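These notes are about the structure you will find just below.
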Number of protein chains: 2
Amino acid sequence: MTRIPGRALTVPPTLADVAERAGVSRQTVSNAVNNPELLRADTLVRVQEAIEELGYSPNRAARNLRTRSSHLIGLRMSPVQEFTANAAADRFVHSLVDTSREAGYQVLLFSGDATDPESGYDDLLRSTAVDAFVVTDTYLGNPQAAWLRERRAPFVAFGRPWDDPSATHPWVDVDGAAGAELATRHLLDKGHTRIAWIGWRKDSFIGEDRRSGWSRTLKERGLPTTGLASRVEDTVNSGREASAVLLDEALPTAFVCASDTLAMGVMHTLAERGMHAGEDVAVVGFDDSQTAQVMHPGLTSVRQPLEDVAIEVVSALEGLLAHPRRIAEGKLLTPTLAVRRSS
Amino acid sequence: MTRIPGRALTVPPTLADVAERAGVSRQTVSNAVNNPELLRADTLVRVQEAIEELGYSPNRAARNLRTRSSHLIGLRMSPVQEFTANAAADRFVHSLVDTSREAGYQVLLFSGDATDPESGYDDLLRSTAVDAFVVTDTYLGNPQAAWLRERRAPFVAFGRPWDDPSATHPWVDVDGAAGAELATRHLLDKGHTRIAWIGWRKDSFIGEDRRSGWSRTLKERGLPTTGLASRVEDTVNSGREASAVLLDEALPTAFVCASDTLAMGVMHTLAERGMHAGEDVAVVGFDDSQTAQVMHPGLTSVRQPLEDVAIEVVSALEGLLAHPRRIAEGKLLTPTLAVRRSS
DNA sequence: TTGAAAGCGCTAACAC
DNA sequence: GTGTTAGCGCTTTCAA
């Protein structure tokens, strides 16, 4: 925006201003912006110069009104979890923002109270404030998915529709079983044969999925799983208590945990007993949190490819918005293992 | 939205639909939504029923176009930092989203490449996509602040204008010196007299501010600071190395660190030497990260009142948008100390 | 290849 | 208290 003396900078130039300056009609300016190939080369140059000189950007509200699309993606933030090592959601938001931008979209954040999963979505949808949603909190089924589908709202889920295999919306997820398998195989390679599992309550689909990767890997090798598994809440203290019991009763030499939070609980138990992770007992967590990265001695952890998840989510979103009736697809990505000194 | 057979749900009702159903003019519906006190009670009820029945929400684009405001706040995400314990930015985003909603605003996230601080702001501003910005990354002065001010863009900064005390924009910040003082006093109360500081490079305003809280507290008590301070990069390894040198050369019994990341570095050194935090040496970090909360044995850390920061930021934003010419104010909040077993 | 007309859905200003 | 008129800035349709 060049500084025009006397005119407030707070009133940005419009299409008409550019048209006047370039000596063309408003429509031609619009075409220069949206369909430059329609203009003769010299006209295009003249218009672009005027745009540059005035610092013109199309008014978003006017464009949104006319095109009935906002190029905004709605994302509901799940509440902050303190006293856990879970930061996957935040890492994902970063990736999503970056990827969306490349696709010409921006992310509108909103929050809703935890008790009402639909709150927030409804208003945004009816006011056509966003073109689509990205739904992330699908840990225990996802009521929003059914709700959004019913309203024909375009959305992509990060997380499988566990509770409804017939669901027809696009989704992207990370193969938790493969992650746990990766972790378990890594420990097998290190010579461990008694490998314990500390996971979440049985009603957690994600927890059971991850657990299955551990159990199937041990069973494949004919190794025991009985008495070596524990299902608890996702807190440090639960992990601490569960690992203490397991150490006493099942004598494992390694732990695979459904989260870094639980793995930190194991670390507490080890420290309390004067044992050292990576020397006396191996520990592997899940999510590659900042804590896993900075703690002593470094926690081996399954890392979700959240950057790739974001790419797939945005790609699905583009498909969805371009072809609303297209059949939905699911995409399952494979995690990696960040090996550190705890194993 | 009631389901109207034959009509696609993707075309939401408009003001005109509601007006027709309620048997009033469009303007009256608009008033019912925006100035209900102007309507006679029975008319209001009738209109509200129609709104309810049709599931009407005002179209945002149309409203934004007409009112020249979007009720959106732009927030640029700083890049993800891995291998640190810094998550204050993410915690702040959560608080900001929640607080904004209460004030009728939503948060639009955008990203820009790290090399060009203005990228992203410019387009959003010229296209009138957001009403205001919240600027957070002010650790080394804030070039965006000057840039935004020059363009008369409404914004509130989380972070003082360190490099320009004459800056006239509203800001909110947390008193880092008070935080470090809190940490240092806590250690003095525990009987420590040789308290070391590990902080950031000298060109970090925030780092020097925090450091001053440590040094002034010790000087007040007539205790030594010489040789007890180290200025390094904000990485775990820097903290590890700096603490090793300090332990050897200055024999401190406690450490105050400018970040939890640095504090974790101290933890590494202690572990490597078979020493125990909280028993042999006390350690205090800064930011109350998830890592501080979940690690063994728990890291005492200065906690920024980010929820309050968000409240003050939104409040300043409201003032700014309501009275654009009002003189700017700065607000300094005091942190607290989360005491854990490392001290 | 360029221009003119119409209208997206809403609200400010004013008339009744 | 309620209705009428106009127009925010843009793009779609159609004519030149």
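Below, chains carry the letters A, B, ... as their sequence lines are ordered, and counting in each starts from 1. As the structure is a computational prediction, the values presented were derived from the model and not from experiment.
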> So does B:Ser30 get a side-chain nitrogen or oxygen closer than 4.0 Å to the phosphate oxygens (OP1/OP2) of C:dC10?
Replying inline: no
> Is the shortest side-chain N/O distance from B:Thr67 to OP1 or OP2 of C:dA12 below 4.0 Å?
Replying inline: no
>> Any salt bridge linking B:Asp164 with B:Arg149? Criterion: basic side-chain nitrogen under 4.0 Å from a carboxylate oxygen.
In response: yes
> So which nucleotide from C:dC10, D:dT4, D:dG9 ends up closest to the side chain of A:Asn59?
Replying inline: D:dG9
> When the distance from CG of B:Leu15 to C1' of D:dT4 is rounded to whole Å, what number comes out?
Replying inline: 14 Å
>> Is there a side-chain contact between B:Thr28 and the phosphate of D:dG3, meaning an N or O under 4.0 Å from OP1 or OP2?
In response: yes
>> Under 4.0 Å from OP1 or OP2 of C:dT2: is there any side-chain N or O of A:Ser25 that close?
In response: no
>> Heavy-atom count check: over 12 atoms from other residues, nucleotides or ligands less than 6.0 Å from A:Glu318 CD?
In response: yes
>> If you compare every side-chain N and O of B:Arg63 against the phosphate oxygens of C:dT11 (OP1, OP2), does one of them come in below 4.0 Å?
In response: yes
>> Taking donor-acceptor contacts at under 3.5 Å, does the side chain of B:Arg26 reach the base of C:dT11?
In response: yes
> For B:Leu38 and B:Arg68, take the nucleotide of DNA chain D holding the closest heavy atom to each; which residue's nucleotide lies nearer the 5' end?
Replying inline: B:Leu38
> In degrees rounded to 10°, what angle is found between the helical axes fit to the five outermost pairs at each end of the helix from C:dT1-D:dA16 to C:dC16-D:dG1?
Replying inline: 30°
> Under 4.0 Å between a side-chain N/O of A:Asn34 and OP1 or OP2 of D:dT11, yes or no?
Replying inline: yes
> Between B:Thr14 and C:dG9, is there a side-chain N or O to OP1/OP2 distance below 4.0 Å?
Replying inline: no
> When you match B:Gly23 and A:Leu65 each to their closest nucleotide on DNA chain D, which lands nearer the 5' end?
Replying inline: B:Gly23
> For the residue pair A:Phe110 and A:Phe133, does the interplanar ring angle fall in the parallel (under 30°), tilted (30 to 60°) or perpendicular (over 60°) class?
Replying inline: perpendicular
